[in-house]
Amino acid sequence: MFAPDDTIVAVATPPGRGAIGVVRLSGPRTQHILGHLVTGAAPVPRVARVARVLVLDAGGRESFDDAVALFFAAPQSYTGEDVAEISAHGNPLLLEGIVRAAMRAGARLAQPGEFTLRAFVNGKRDLPQAEAVADLIDAATPAQARAAADQLHGTLTVRIGAIDAELFDLLARLEASLDFPDEGYHFIEPAAIAGALAVIIGRIDTLLADAARGRMLREGATVVMAGRPNVGKSSLFNLLLGADRAIVTDVPGTTRDLVAERVDIEGLAVTLVDTAGARPTVDPIEREGVARSAQARAASSLVLVVLDQGEPMTDDDRRVLDATRERPRVIVKNKSDRPDCCDVSDLAAPVVAVSARSGAGVAALREAIVRALTASDPLRDTPAITNVRHVALLDEARAAIARARMAAEAAAPEEFIAADLQQARERLDEIVGKRTSEDVLRHIFERFCIGK
Ligand SMILES: Nc1nc2c(ncn2[C@@H]2O[C@H](COP(=O)(O)OP(=O)(O)O)[C@@H](O)[C@H]2O)c(=O)[nH]1
Ligand SMILES: [Mg+2]
């Protein structure tokens, strides 16, 4: 994985056909290989040039395509190395043929994420920025893309850096006191350290509070439809999806397995799950479906308890309401086109009336879902921290600082306080990639596709 002397090559555009496809090269032999690939004189950095590019098919036959070649001289490139981009026609066989020709001229096929890994190794990006590249490419909603773009521009690194700078300052004073023990002079008093650490912990807590929201944004939420048969769960599911995915009939017990689809609800990536209606049954398939519904509810971020407002509440309705009492939930009174004879006034949960048939109330339902998922905090501000790796390390840094604070409050020897602060700084360094093991890097970059 870390063979920086190789010159790597890969198709950088997605598989499939398009007007243009790009082959990218990076490494010390880029210019040499480019000389074998494209016609014309040596490239001028950052000047696009029309050229003919060599295509080598699997049988070793040569042909040419018309292309535009771009050369970036190190270190002013994405990876910090010499880089070339060849834009040819977007046909997968043709692009593979260019890659093959580059390999014959001395390039090696790139590993997943290897271009971005090199950008990191060469100091063009720190680790959160490199990770943000993958997040940006994977973003499924505009809000996810915004959060990734923020991270790409270094907002998280800046906030971590500010915390680290304060820790560094405290450590310097502690160590100065350690270096001059005889004078009996403290460069900083224990009470002042404890106070300063409390402020730093407060800052970390602000970041971490953001993290739950960030994680929801990044990984999305699971919303499960629950309710007895025939209240209209599948109809609502299809309505929120904007497509007829689940089967809707007036035969109770039609939906027997879980049906899950991804939807964008007001910028949140939501996995919506339709379930079998909850009712006692002897049919073994339906019973299995009901059991799966209960599991799905338990694993969900939010339950939509669907009722039929045209009918008074039944025992089956009450059973579902009881079973979801402890879960985050929204009560959905469906069939609002029918007269209301379903009293829910004693339920402590948001209630929304909708008609899956006419579509009335669906906007309010979407809003209620987002509000329930984001705990009244709409997705106005993009959270600074969205990545579980960052959250775990920040948690560990916080724990070390909390230990140091307790030690300072107990007026423990300065060595102990300093050791904990040192540990906290190490965790922060791991977030931004100042010290990260090869295993961790491999794990991070495995998420990427080839060509990134
Ligand atoms: N009047 C009315 N009927 C509905 C509405 N939503 C669903 N239905 C009907 O209720 C029946 C059961 O719907 P379905 O979505 O299969 O319910 P599920 O068993 O909970 O999944 C079907 O005949 C639907 O057409 C609604 O908003 N108004
Ligand atoms: Mg159904």
Side-chain angles (χ1 to χ4, degrees), residues 222-263 265 270-325 327-344 347 349-369 372:
T222 306
V223 175
V224 171
M225 329 278 309
R228 68 173 163 84
N230 251 12
V231 289
K233 295 180 297 301
S234 297
S235 307
L236 272 174
F237 176 86
N238 290 339
L239 183 69
L240 287 169
L241 210 65
D244 282 340
R245 172 70 173 80
I247 301 169
V248 172
T249 69
D250 50 11
V251 182
T254 304
T255 311
R256 292 170 162 213
D257 203 351
L258 303 181
V259 184
E261 285 290 339
R262 297 273 282 188
V263 272
I265 299 185
V270 168
T271 303
L272 197 62
V273 185
D274 187 22
T275 66
R279 64 166 177 178
T281 172
V282 289
D283 180 317
I285 300 174
E286 193 181 345
R287 212 154 60 195
E288 175 61 23
V290 172
R292 287 183 189 190
S293 311
Q295 286 165 10
R297 283 204 305 264
S300 66
S301 339
L302 178 70
V303 181
L304 301 183
V305 181
V306 185
L307 303 169
D308 179 345
Q309 84 156 34
E311 291 167 18
M313 221 182 268
T314 69
D315 286 344
D316 285 339
D317 288 327
R318 283 192 197 92
R319 254 192 292 278
V320 178
L321 285 166
D322 273 345
T324 55
R325 191 186 301 279
R327 308 279 321 154
R329 63 180 180 178
V330 170
I331 312 293
V332 184
K333 285 173 74 176
N334 187 36
K335 311 197 186 181
S336 61
D337 49 289
R338 298 172 67 182
D340 186 359
C341 39
C342 177
D343 180 20
V344 294
L347 294 174
V351 178
V352 189
V354 295
S355 168
R357 178 156 293 173
S358 72
V362 68
L365 175 59
R366 284 206 183 91
E367 256 170 54
I369 291 172

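Just so you know, ligand 1 is whichever comes first in the structure, and atom 1 is the first atom listed for that ligand.
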State the atoms of ligand 1, each with its element, that fall below the 4.0 Å cut-off from a heavy-atom position in D337.
-> 1 (N), 2 (C), 26 (C), 27 (O), 28 (N)
Please could you name the atoms of ligand 1 that S234 approaches to less than 4.0 Å, counting only its heavy atoms?
->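 Near S234, the atoms of ligand 1 are 15 (O), 18 (P), 21 (O).
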Between [X] (side chain) and [Y] (backbone), is there a donor-acceptor pair under 3.5 Å?
X: S301; Y: T222; answer: yes
X: T275; Y: M225; answer: yes
X: S300; Y: V223; answer: no

If we only count N/O pairs under 3.5 Å, is [X] in contact with ligand 1?
X: R338; value: no
X: K233; value: yes
X: A356; value: yes
X: G232; value: yes

Are [X] and [Y] close enough that some pair of their side-chain heavy atoms sits under 4.5 Å apart?
X: K335; Y: R357; answer: no
X: V305; Y: R327; answer: no
X: R338; Y: D308; answer: yes
X: L240; Y: R366; answer: yes

Quick one: nearest non-hydrogen protein atom to atom 15 (O) of ligand 1, plus distance?
-> S235 OG, 2.6 Å
Nearest-neighbour protein heavy atom for atom 16 (O) of ligand 1, which is reported as residue plus atom name and distance | T249 O, 3.2 Å
Per atom 25 (O) of ligand 1, closest listed option by heavy atom (K335, R228, R357) = R357
The Mg ion (ligand 2): which protein N, O or S atoms are under 2.8 Å away?
->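 S234 OG, T255 OG1, with waters left out.
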Determine whether the side chain, the backbone, both or neither of N334 has a heavy atom under 4.0 Å from any heavy atom of ligand 1.
-> side chain
Step by step, would you call L321 with M313 a side-chain contact (heavy atoms from CB on, under 4.5 Å)?
-> CA-CA 10 Å; L321 285 166; M313 221 182 268; 3.7 Å; yes
From CA spacing to verdict: side-chain contact (heavy atoms from CB on, under 4.5 Å), V303, V320 | CA-CA 11 Å; V303 181; V320 178; over 6 Å; no
Mind listing the side-chain donor-acceptor pairs of residues 226-236 below 3.5 Å, one per line with the distance, residues two or more places apart or on another chain?
| from | atom 1 | to | atom 2 | distance (Å) |
| --- | --- | --- | --- | --- |
| R228 | NE | T314 | OG1 | 3.3 |
| R228 | NE | D317 | OD1 | 3.0 |
| R228 | NE | D317 | OD2 | 3.1 |
| R228 | NH2 | E311 | OE1 | 3.0 |
| N230 | ND2 | D250 | O | 3.2 |
| K233 | NZ | G227 | O | 3.2 |
| K233 | NZ | R228 | O | 2.8 |
| S234 | OG | T255 | OG1 | 2.9 |
| S234 | OG | D274 | OD2 | 2.5 |

